[in-house]
J.: 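I'd like to ask some things about the structure below.
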Amino acid sequence: MTKVLVTGGAGFIGSNFVRYALQTHADWHVTNLDKLTYAGRRENLHDVMDDPRHSFVHGDICNAAVAGPLVEAADYVVHFAAETHVDRSIMAAGVFLKTDVEGSFVLLEAARRNPKLQRFVQISTDEVYGSVPEGSSTETDELRPRNPYAASKAGADRLAYSYWATHDVPVIVTRASNNYGPYQFPEKIIPLFVTNAMDDLQVPLYGDGGNVRDWLHVLDHCRALDLLIHTGKNGEVYNIGGGNEVKNVDLTHTILEHAGKTASLIKPVADRKGHDRRYSLGTAKLQGMGWQPQVPFDEGLRETVAWYQANEWWWRPIKERDPAYKAYIEAQYGKR
Ligand code: NAD
Ligand code: DAU
């Protein structure tokens, strides 16, 4: 059995990756270390919790006593665990530094003690490049993160690289664009807008709605990670972009259309502070290795809207019964 440690595997991308990994690799045993913050949910793993090839460990990556032995026992580490929401990092950045930077440090230190470790995948983000007015970011571009989340991720991204350059830890760094798909916490634009629309609530569009994000289906992300785990080169950075650059206002109209609602639900609200105007990833390096996104955005978005429509059991308890979620929504958007 190949021993794979996934951190943050109860979150959006992590849970999709755990499911993908168990389905794709019969010889993998996945240990899943997750703190179960507001974003980490056992429900995301409902269909794999009892799989004998999946062991769930409720713990913090910052706790070396818990995380260290798991890293030391692994053949591969795929490190997703992080605080991930830009708006929350604007409200309170401390936990981003703690988890994203210090947590990565704890795992990397343990990786130094594991001579049989074959791969340490540091999951970074396209946000580390900062706003890209024109053209597309390539892996060697300067990093210009512009919000506390992005800066924390950039710190972890370069720290991981340094453990390859200095200590020969078999690190690869991946920088993906905006993911979408099932099990995404309803604070991010797509699940927030779909679930609001289903209840005829307004959808709060920041600024002029002209900001551009590049959308990547979460399963295309998982397939790219799988390829990189097997054929990536240590010390290298890989962009993973969906090639679907869409203005937020256009995305919003399409979501409302798929949800069977009208544009009257759109509520223009004050812009996000320091709001990056555009992200764009050049993906020639990954495409040269044989990866192509397989999910066309129109189809993937339609299916994603349908998933939230069919899975109210998953999101209603968060939106209707979680006081911490309600407090966040009120702090971010004001009282309805
Ligand atoms: P998410 O917020 O849905 O999930 C994060 C997970 O990490 C949760 O399960 C949470 O409980 C866990 N976690 C947080 N702090 C932890 C700690 N101290 N110890 C252990 N577990 C902890 O995030 P996501 O959107 O799935 O993102 C996963 C990774 O991918 C992150 O590193 C993020 O920066 C990166 N990323 C995300 C996107 C995107 O569009 N969502 C794009 C590019 C990169
Ligand atoms: O680009 C990759 C990043 O994508 C990941 O690293 C982050 O973890 C992930 O959260 C995501 O960051 P964004 O800030 O791009 O995602 P979010 O869904 O928060 O916002 C997407 C766009 O939609 C952004 O331009 C802000 C806008 N927006 C968002 C919300 C929540 C709105 O207009 N209204 C909203 O209510």
Side-chain angles (χ1 to χ4, degrees), residues 6-17 32-42 44-45 57-63 66-67 78-90 95-96 98-100 102-104 106-107 121-129 131 145 147 149-150 152-153 156-157 174-181 183-193 196 202-216 218 221 225 239-242 246-249 251-252 266-272 275-281 329 332-333:
V6 171
T7 69
F12 162 48
I13 305 173
S15 63
N16 277 283
F17 183 78
N32 180 356
L33 173 62
D34 198 294
K35 187 179 177 182
L36 298 178
T37 66
Y38 76 91
R41 302 174 59 76
R42 288 178 192 273
N44 294 1
L45 298 161
V57 180
H58 183 193
D60 189 335
I61 57 166
C62 298
N63 183 345
V66 174
V78 190
H79 171 34
F80 295 99
E83 289 293 332
T84 63
H85 193 40
V86 173
D87 292 322
R88 291 183 191 253
S89 82
I90 294 167
V95 70
F96 286 75
K98 177 88 182 160
T99 293
D100 300 11
E102 194 182 325
S104 298
V106 168
L107 300 176
V121 184
Q122 176 68 28
I123 306 287
S124 187
T125 168
D126 64 358
E127 296 214 7
V128 298
Y129 294 115
S131 199
N147 61 65
Y149 159 70
S152 304
K153 292 295 291 185
D157 173 318
T174 64
R175 298 179 184 148
S177 60
N178 284 61
N179 281 224
Y180 70 102
Y183 302 103
Q184 187 168 31
F185 196 76
E187 63 187 353
K188 309 281 164 55
I189 188 168
I190 291 179
L192 178 70
F193 282 17
N196 275 13
Q202 291 182 309
V203 297
L205 186 60
Y206 295 161
D208 66 0
N211 303 66
V212 173
R213 294 295 182 267
D214 168 27
W215 292 97
L216 170 70
V218 66
H221 189 182
L225 294 173
N239 288 346
I240 310 174
V246 183
K247 281 187 182 167
N248 290 340
V249 64
L251 173 71
T252 304
I266 299 176
K267 182 185 182 192
V269 298
D271 209 353
R272 174 184 277 175
H275 196 174
D276 285 340
R277 191 69 178 168
R278 173 173 176 262
Y279 301 134
S280 176
L281 285 178
I329 292 293
Q332 178 63 19
Y333 301 101

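Each ligand, and each atom within it, is numbered from 1 in the order the structure gives. Every heavy atom of this structure was used, including side-chain atoms; hydrogens, water molecules and symmetry mates were not. Positions are given from 1 along the sequence.
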J.: Indicate yes or no: at least one non-hydrogen side-chain atom of V121 is less than 4.5 angstrom from one of T174.
T.: yes

J.: Would you say E187 touches ligand 2, if touching means a heavy atom closer than 4.0 Å?
T.: yes

J.: Heavy-atom distances under 4.0 Å decide this one: backbone, side chain, both or neither, for Y183 against ligand 1?
T.: neither

J.: Which protein heavy atom lies closest to atom 27 (C) of ligand 2, and at what distance to 0.1 Å?
T.: N248 ND2, 3.4 Å

J.: In plain terms, say whether R88 and E187 are close enough for a salt bridge, that is, a side-chain N and a carboxylate O under 4.0 Å apart.
T.: yes

J.: I need the atoms of ligand 2 closer than 4.0 Å to a non-hydrogen atom of K188, numbered in the order shown.
T.: 10 (O), 18 (O)

J.: Would you say ligand 2 has an N or O under 3.5 Å from any N or O of D87?
T.: no

J.: Quick check: do I90 and Y149 have side-chain heavy atoms less than 4.5 Å from each other?
T.: no

J.: May I ask whether H275 places a heavy atom under 4.0 Å from ligand 2?
T.: yes

J.: Go through ligand 2 atom by atom and flag the ones less than 4.0 Å from a non-hydrogen atom of D126.
T.: 1 (O), 2 (C)

J.: Is it the case that ligand 2 has an N or O less than 3.5 angstrom from some N or O of L205?
T.: no

J.: Taking side-chain contact (heavy atoms from CB on, under 4.5 Å) as the criterion, tell me which of N16, N32, D34, L225 meets it with F80.
T.: L225

J.: Quick one: which of I13, T37, D157, V106 has a heavy atom closest to atom 38 (C) of ligand 1?
T.: I13

J.: Would you mind telling me if ligand 1 is within reach of the side chain of D100, the backbone, both or neither, using heavy atoms under 4.0 Å?
T.: neither

J.: Do the non-hydrogen side-chain atoms of I240 and L281 ever get within less than 4.5 Å of each other?
T.: no

J.: For atom 19 (O) of ligand 2, what's the nearest protein heavy atom and its distance?
T.: R272 NH2, 2.9 Å

J.: If you measure every N/O of V86 against every N/O of ligand 2, is any gap under 3.5 Å?
T.: no

J.: Which of the numbered atoms in ligand 2 are under 4.0 angstrom from any heavy atom belonging to H85?
T.: 19 (O)

J.: When you measure from atom 3 (C) of ligand 2 to every protein heavy atom, which one gives the shortest distance, and what is it?
T.: E127 OE2, 3.3 Å

J.: Under 4.0 Å from any heavy atom of T125, which atoms of ligand 2 are there?
T.: 2 (C), 3 (C), 5 (C), 6 (O)

J.: Can you tell me which residue and heavy atom of the protein come closest to atom 44 (C) of ligand 1, and the distance to 0.1 Å?
T.: S124 O, 3.1 Å

J.: Test of understanding: given a 4.0 Å heavy-atom threshold, classify the contact between T84 and ligand 1 as side chain, backbone, both, or neither.
T.: side chain

J.: Among protein heavy atoms, which lies nearest atom 36 (O) of ligand 2, and at what distance?
T.: Y333 OH, 2.7 Å

J.: Give the contacting part of I61 toward ligand 1: side chain, backbone, both or neither, where contact means a heavy-atom distance below 4.0 Å.
T.: both

J.: Please say which of D100, D157, N239 ends up in a side-chain hydrogen bond (donor to acceptor under 3.5 Å, both in side chains) with S124.
T.: D157

